[in-house]
Amino acid sequence: MSTFKSLHILNYRIWFIGALVSNIGTWMQRTAQDWLVFDHLTDQDAGAMGITMALQLGPQLFLAPVAGLVADRYSRKQLLVMTQSVMALLSTGLGILVVIGAGQLWHVYCFALLLGLVSALDAPVRQTFVSELVRDDYLSNAVALNSASFNVARMIGPAVAGLLTVAVGPGWVFLINTVTFLAMLLSLWRIPTASLRQLPRAAPGKGRIREGLRYVRFRPDIVVVLVAVFIVGTLGLNFVLFIAAMVGTEFGLDASAFGLMNSIMAIGSVTGALLSAGRGKPRLRMIFGAAAAFGVTSGLAALAPDYFWFGVALVPVGLFAITMMTSANGYVQTTTDPVMRGRVMALYMAIFMGGTPIGAPLVGWVANVAGPRWSLTVAAASGIAAALIGMVWIIRARQLRLTFNRRARGLRLFSVVSTLGDTANGAARDQKPDDAVER
């Protein structure tokens, strides 16, 4: 099946299994950490959760240029072994503090910041390592399957973490996550270095970071994707915060219900990732269309009258959020020169994750002051805004206009044509990535 074609490649299959186990552990820790802050160390303070998220994700914004250059310059496999080992040690340290009863809020803040520093280096390396496992024509499929793995873990991890947090406490969940890092390290050990694709490396010398920024500057299609990703990533994808506030404050339920809601939303996320894997090349219209749908469904989730209907609404929210992000990720990777891929993806991850230090505290403040439903309304507005920006750019770049045909019937009375000579249905032209508008 075309949806799973990358799994026919041995190296990618080994990587996929290791990443899946590690991702499950990561989601277990995230869920336990968020509930530890929200319910154990504070009196259901969504603002404190926002600060924790900001500290963990903020380093992406500041270290992106250096992390991207490192990913383009050095062995990605060796870098992953280093980052995964350090993150395992951090999980162990926080777990021990919480288990022995010494954990305090400032401890969580410190470990979140340290984990964020290591993750800032790990993210672009992990994203671009896939290109060494599969051919370029398999890359968009491999990226989508990575997203599916991440969201299958998101479906399993929070539910398990919710039950374990209630049964044995969050500290033991952190220690279990330490064990799951071994799966990733084992998979890296099983992949022979000689079997990896030899891709161009960034040359040594000064100006390599500026070179990556200059490359993006002259790719307006990538710029508009990054703008949309920043808006939605900053204000719309604070799912843990939204769900915790709705479950704990609005519906008055506990950690097991919180974990279950995360898993329910992951059903939609996995579906979105698998649909993206089967589509082939990602297109701009899919990115911005999914952003609009994410905005609409987030608005419906904000109006959910009870716990059951909130869970139902989260499924399409997860589907369209992951469809947008997987398509954006695949588009940027597949249209970027291999020698620039690490730096461009580091910028992508910085914009995607680095907006959280701004958005998470803001959305947490909205949840505390105006209520959880208004924080979801902010997410809805971010999706609509990103879609409008993208659609306006496409219309201007392709010089689209609406025409009226008196002889036609029904919806055929109106059609969209391009003054650049494209067909009315907006089919993609054969053009260079630098000129890409409709992909």
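Residues: numbered from 1 along the sequence shown. All heavy atoms count here, side chains included; hydrogens, waters and symmetry mates do not.
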Worksheet item: Run the side chain to side chain contact (heavy atoms under 4.5 Å, CB included) check on Leu188 and Trp15 step by step: do they pass?
Response: CA-CA 7 Å; Leu188 291 169; Trp15 161 263; 4.1 Å; yes
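- By the 4.5 Å heavy-atom criterion applied to side chains, Ile231 and Val227 are counted as neighbours.
- Within the 3.5 Å criterion, the main-chain N or O of Ala88 finds no donor-acceptor partner in the side chain of Ser91.
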Item to complete: Could you give me the CA-CA distance, side-chain angles and deciding distance for Tyr348 and Ile222, then say whether side chain to side chain contact (heavy atoms under 4.5 Å, CB included) is met?
Response: CA-CA 9 Å; Tyr348 174 93; Ile222 289 182; over 6 Å; no
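- Of all non-hydrogen atoms in Thr31 and Ala161, the two that sit nearest each other are CB-CB, 3.9 Å.
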Worksheet entry | Evaluation steps, side chain to side chain contact (heavy atoms under 4.5 Å, CB included), between Leu284 and Ile287 | CA-CA 5 Å; Leu284 290 177; Ile287 298 171; 4.1 Å; yes
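- Counting non-hydrogen atoms of neighbouring residues, nucleotides and ligands closer than 6.0 angstrom, the CD atom of Gln78 reaches no more than 12 such neighbours.
- Using a distance-only test at 3.5 Å, with no hydrogens or angles considered, no donor-acceptor pair links the side chain of Lys77 to the main chain of Leu196.
- Proximity of a side-chain donor or acceptor of Arg219 to a complementary backbone N or O of Thr335 within less than 3.5 Å is detected.
- Put simply, the side chain of Thr165 never gets that close to the backbone of Pro170: no donor and acceptor are under 3.5 Å apart.
- Going from atom OG1 of Thr178 over to atom CG of Leu89 covers 8.0 Å, rounded to the nearest 0.5 Å.
- With hydrogens and angles disregarded, a donor-acceptor distance shorter than 3.5 Å links the side chain of Ser187 to the backbone of Met184.
- Rounding to the nearest 0.5 angstrom, the gap separating the CD atom in Gln104 from the OH atom in Tyr109 is 12.5 Å.
- Counting only residues at least two apart or on different chains, the salt bridge (Lys or Arg N to Asp or Glu O under 4.0 Å) pairs with a member in residues 370-381 are Glu250-Arg373.
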Practice prompt. Report the C-alpha separation of Leu90 and Leu94 in whole Å, then their side-chain angles, then the decisive distance to 0.1 Å, and conclude whether the side chain to side chain contact (heavy atoms under 4.5 Å, CB included) test is met.
Written response: CA-CA 6 Å; Leu90 291 173; Leu94 182 58; over 6 Å; no
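- Tyr12 is not listed as a side-chain neighbour of Asn141, based on a closest heavy-atom distance of 4.5 Å or more.
- For Val224, the side chain to side chain contact (heavy atoms under 4.5 Å, CB included) partners are Phe288, Ile389, Trp393, not counting sequence neighbours.
- A side-chain donor-acceptor contact under 3.5 Å links Thr297 to the backbone of Phe294.
- The distance from atom CG of Leu164 to atom CH2 of Trp172, rounded to the nearest 0.5 Å, is 11.5 Å.
- Between Leu10 and Ile191 the shortest side-chain heavy-atom distance does not fall below 4.5 Å.
- With hydrogens and angles ignored, the 3.5 Å screen pairs no side-chain donor or acceptor of Thr336 with any backbone N or O of Gln333.
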Practice prompt. Just do the side-chain hydrogen bond (donor to acceptor under 3.5 Å, both in side chains) check on Arg126 and Thr83 with the steps written out, would you?
Written response: CA-CA 10 Å; Arg126 184 191 284 242; Thr83 56; over 6 Å; no
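- In this structure the side chain of Tyr215 never reaches within 4.5 angstrom of the side chain of Leu347, judged on heavy atoms.
- Across all non-hydrogen atoms, the minimal contact from Arg13 to Leu7 is NH1-O, 2.6 Å.
- In this structure, Gly25 and Thr180 approach most closely via the heavy-atom pair CA-OG1, 3.4 Å.
- Note on ring orientation: taking the six-membered ring where Trp is involved, the planes of Phe239 and Phe242 are perpendicular (angle over 60°, cut-offs 30° and 60°).
- Scanning all heavy atoms of the two residues, the minimum distance from Ala228 to Met324 falls at O-CE, 3.7 Å.
- Within the 3.5 Å criterion, the main-chain N or O of Ala102 finds a donor-acceptor partner in the side chain of His107.
- Taking CG of Asn177 as the start and OG of Ser22 as the end, the distance is 7.0 Å to the nearest 0.5 Å.
- Leu117 is listed as a side-chain neighbour of Leu63, based on a closest heavy-atom distance under 4.5 Å.
- No side-chain heavy atom of Leu97 sits under 4.5 Å from any side-chain heavy atom of Phe174.
- Ser382 pairs with exactly one of Val363, Thr234, Leu235 by the side chain to side chain contact (heavy atoms under 4.5 Å, CB included) rule, that one being Leu235.
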Worksheet entry | Test side-chain hydrogen bond (donor to acceptor under 3.5 Å, both in side chains) applied to Asp122 and Ser119, step by step | CA-CA 5 Å; Asp122 180 82; Ser119 298; 5.9 Å; no
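- Thr26 and Asn23 share no side-chain donor-acceptor pair at under 3.5 Å.
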Item to complete: Could you please spell out the steps behind the side-chain hydrogen bond (donor to acceptor under 3.5 Å, both in side chains) verdict for Gln33 and Thr52?
Response: CA-CA 9 Å; Gln33 177 179 284; Thr52 305; 5.7 Å; no
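- Counting only distance, with no hydrogens or angles, the side chain of Ser149 and the backbone of Leu145 share no donor-acceptor pair below 3.5 Å.
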Donor-acceptor pairs under 3.5 Å, side chain of residues 302-321 to any protein atom, not counting sequence neighbours: which ones?
| from | atom 1 | to | atom 2 | distance (Å) |
| --- | --- | --- | --- | --- |
| Asp306 | OD1 | Phe308 | N | 3.3 |
| Asp306 | OD1 | Trp309 | N | 3.0 |
| Tyr307 | OH | Ala257 | O | 3.2 |

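- Taking every heavy atom of both residues into account, Thr128 and Arg76 meet most closely at OG1-NE, 3.3 Å.
- Residues Val216 and Leu226 are in side-chain contact: their nearest non-hydrogen atoms beyond the backbone lie under 4.5 Å apart.
- Atom CZ in Arg214 sits 7.5 Å away from atom CE in Met340 (nearest 0.5 Å).
- To the nearest 0.5 Å, the span separating CE on Met325 from CG on Leu237 amounts to 4.5 Å.
- For the pair Trp374 and Thr377, the minimum side-chain heavy-atom distance is below 4.5 Å.
- Heavy atoms only, all atoms of each residue included: Leu175 and Thr92 are closest at CD2-O, 3.7 Å.
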